[in-house]
Amino acid sequence: TAGSRGNSAAAIEFDLYAEYLLDELKNELAAVTESRSTDPENAYQVGPYHFKTIYEPKERSLSIPEIRDKVVQLASHDVLMLLFRPTFIKSSYACLSDRGQIRAALDVMHDLRCAQTMWGKDATIVRADVRKFFYNIDRDVLKRIIRNRFKHLKKKYPEMYRSLLR
């Protein structure tokens with residue numbers, strides 16, 4: 001059951017035993033990393049997901065990982081952001097710590113003022129929303145892009161490359 005602030009019992013328990021559980025997780029990840037050098041099939045095992053449907057602002061099904069998996073996910077995200085963020089275009093806003101909706105709105109207002117200055121009343125604005133954009137990404141193309149990025153990183157950071165693949 002959720003606490004008064006919406007925290008799950010698992011979240012509260014993880015918080016109470018955080019030092020012990022994080023140390024245990026670190027040891028597990030170190031063991032997986034060590035054994036992968038001899039057995040590439042040995043990998044981190046993700047726990048079961050909790051499924052929930054939300055209705056605001058529209059109905060969506062959520063697949064929620066266990067807290068320990070979320071910790072691993074966030075740590076992986078932080079490392080990958082260090083590697084991939086320099087390749088993002090200037091107008092990327094989603095899921096970036098120093099950007100977001102407000103920064104995007106300010107930049108759009110700036111661009112609109114520039115367009116009006118350059119083209120006057122003839123400036124045209126096109127509003128578009130690509131339906132199901134992320135669902136339509138070709139996974140094979142995405143994997144190829146990621147593989148190419150890692151090949152570039154292998155040349156640039158050879159000492160880090162092996163640990164990144166673990």
Side-chain angles (χ1 to χ4, degrees), residues 2-8 10-12 14-15 18 22 25-26 29 33 43-44 46-47 49-166:
S4 63
R5 293 187 178 177
N7 295 321
S8 68
I12 294 168
F14 194 92
D15 189 48
L22 289 172
L25 183 57
K26 182 188 90 162
L29 292 172
T33 301
Y44 175 76
V46 177
Y49 283 85
H50 168 73
F51 299 97
K52 181 178 181 178
T53 301
I54 60 170
Y55 301 94
E56 294 295 330
K58 60 184 178 184
E59 184 175 332
R60 292 183 291 153
S61 297
L62 303 179
S63 300
I64 304 166
E66 291 182 346
I67 292 179
R68 65 186 310 277
D69 295 331
K70 188 67 178 171
V71 169
V72 172
Q73 186 181 60
L74 289 170
S76 300
H77 172 269
D78 289 349
V79 170
L80 291 172
M81 283 302 290
L82 291 173
L83 302 172
F84 283 92
R85 183 158 181 177
T87 66
F88 291 177
I89 60 173
K90 178 185 173 278
S91 56
S92 292
Y93 298 95
C95 302
L96 299 176
S97 60
D98 60 340
R99 304 222 182 142
Q101 294 173 335
I102 294 172
R103 179 80 255 158
L106 292 171
D107 286 354
V108 166
M109 288 190 304
H110 173 266
D111 292 345
L112 291 172
R113 283 192 296 275
C114 289
Q116 190 172 26
T117 300
M118 291 175 70
W119 297 293
K121 302 259 185 224
D122 293 333
T124 302
I125 300 168
V126 177
R127 182 179 178 200
D129 185 12
V130 180
R131 185 178 189 87
K132 304 274 185 181
F133 175 77
F134 291 105
Y135 294 104
N136 291 308
I137 293 174
D138 185 326
R139 298 291 194 260
D140 292 330
V141 171
L142 180 61
K143 288 175 185 176
R144 190 170 55 247
I145 290 169
I146 292 171
R147 266 194 305 276
N148 288 338
R149 179 70 181 146
F150 273 94
K151 284 179 187 175
H152 170 75
L153 291 169
K154 183 177 184 177
K155 291 176 187 170
K156 192 170 182 178
Y157 305 106
E159 69 285 350
M160 277 181 62
Y161 184 74
R162 288 187 60 81
S163 62
L164 287 173
L165 296 180
R166 296 179 181 166

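Model, not experiment: these values are computed from the prediction.
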Taking every non-hydrogen atom, the tightest pair across Phe51 and Ser63
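Between these two residues, the closest heavy atoms are CE2-OG, 3.3 Å.
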
Ile67 to Ser8 - nearest heavy-atom pair and separation
CD1-OG, 4.4 Å

Rounded to the nearest 0.5 Å, what's the gap from [atom1] on [X] to [atom2] on [Y]? Could you check?
| X | Y | atom1 | atom2 | answer |
| --- | --- | --- | --- | --- |
| Tyr44 | Arg68 | OH | CZ | 4.0 Å |
| Arg103 | Leu106 | CZ | CG | 5.0 Å |
| Arg60 | Tyr55 | CZ | OH | 12.5 Å |

Donor-acceptor pairs under 3.5 angstrom involving side-chain atoms of residues 109-130: please list them, not counting sequence neighbours.
| from | atom 1 | to | atom 2 | distance (Å) |
| --- | --- | --- | --- | --- |
| Thr117 | OG1 | Arg113 | O | 2.9 |
| Thr124 | OG1 | Asp122 | O | 3.4 |

When the side chains of residues 138-145 are checked against the rest of the protein, which donor-acceptor pairs come out under 3.5 Å, sequence neighbours left out?
| from | atom 1 | to | atom 2 | distance (Å) |
| --- | --- | --- | --- | --- |
| Asp138 | OD1 | Asp140 | N | 2.9 |
| Asp138 | OD1 | Val141 | N | 3.4 |
| Arg139 | NH1 | Phe134 | O | 3.4 |
| Arg139 | NH1 | Ile137 | O | 3.3 |

Taking only distance into account, with no hydrogens and no angle test, what donor-acceptor pairs under 3.5 Å do side-chain atoms of residues 71-82 form with protein atoms, sequence neighbours excluded?
| from | atom 1 | to | atom 2 | distance (Å) |
| --- | --- | --- | --- | --- |
| Gln73 | OE1 | Lys70 | NZ | 2.9 |
| Ser76 | OG | Val72 | O | 2.9 |

May I ask you to establish whether Arg149 and Phe84 are in a cation-pi arrangement, using a distance under 6.0 Å from NZ or CZ to the six-membered ring centre and at most 45° from the ring axis?
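Yes, a cation-pi geometry holds between Arg149 and Phe84.
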
Is a salt bridge present between Asp107 and Arg99, judged by a nitrogen-to-oxygen distance below 4.0 Å?
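Between Arg99 and Asp107 there is no salt bridge, as every charged N stays at least 4.0 Å from the carboxylate O atoms.
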
Donor-acceptor under 3.5 Å (Asp69 side chain, Gly47 main chain):
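Such a contact is found between Asp69 side chain and Gly47 backbone.
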
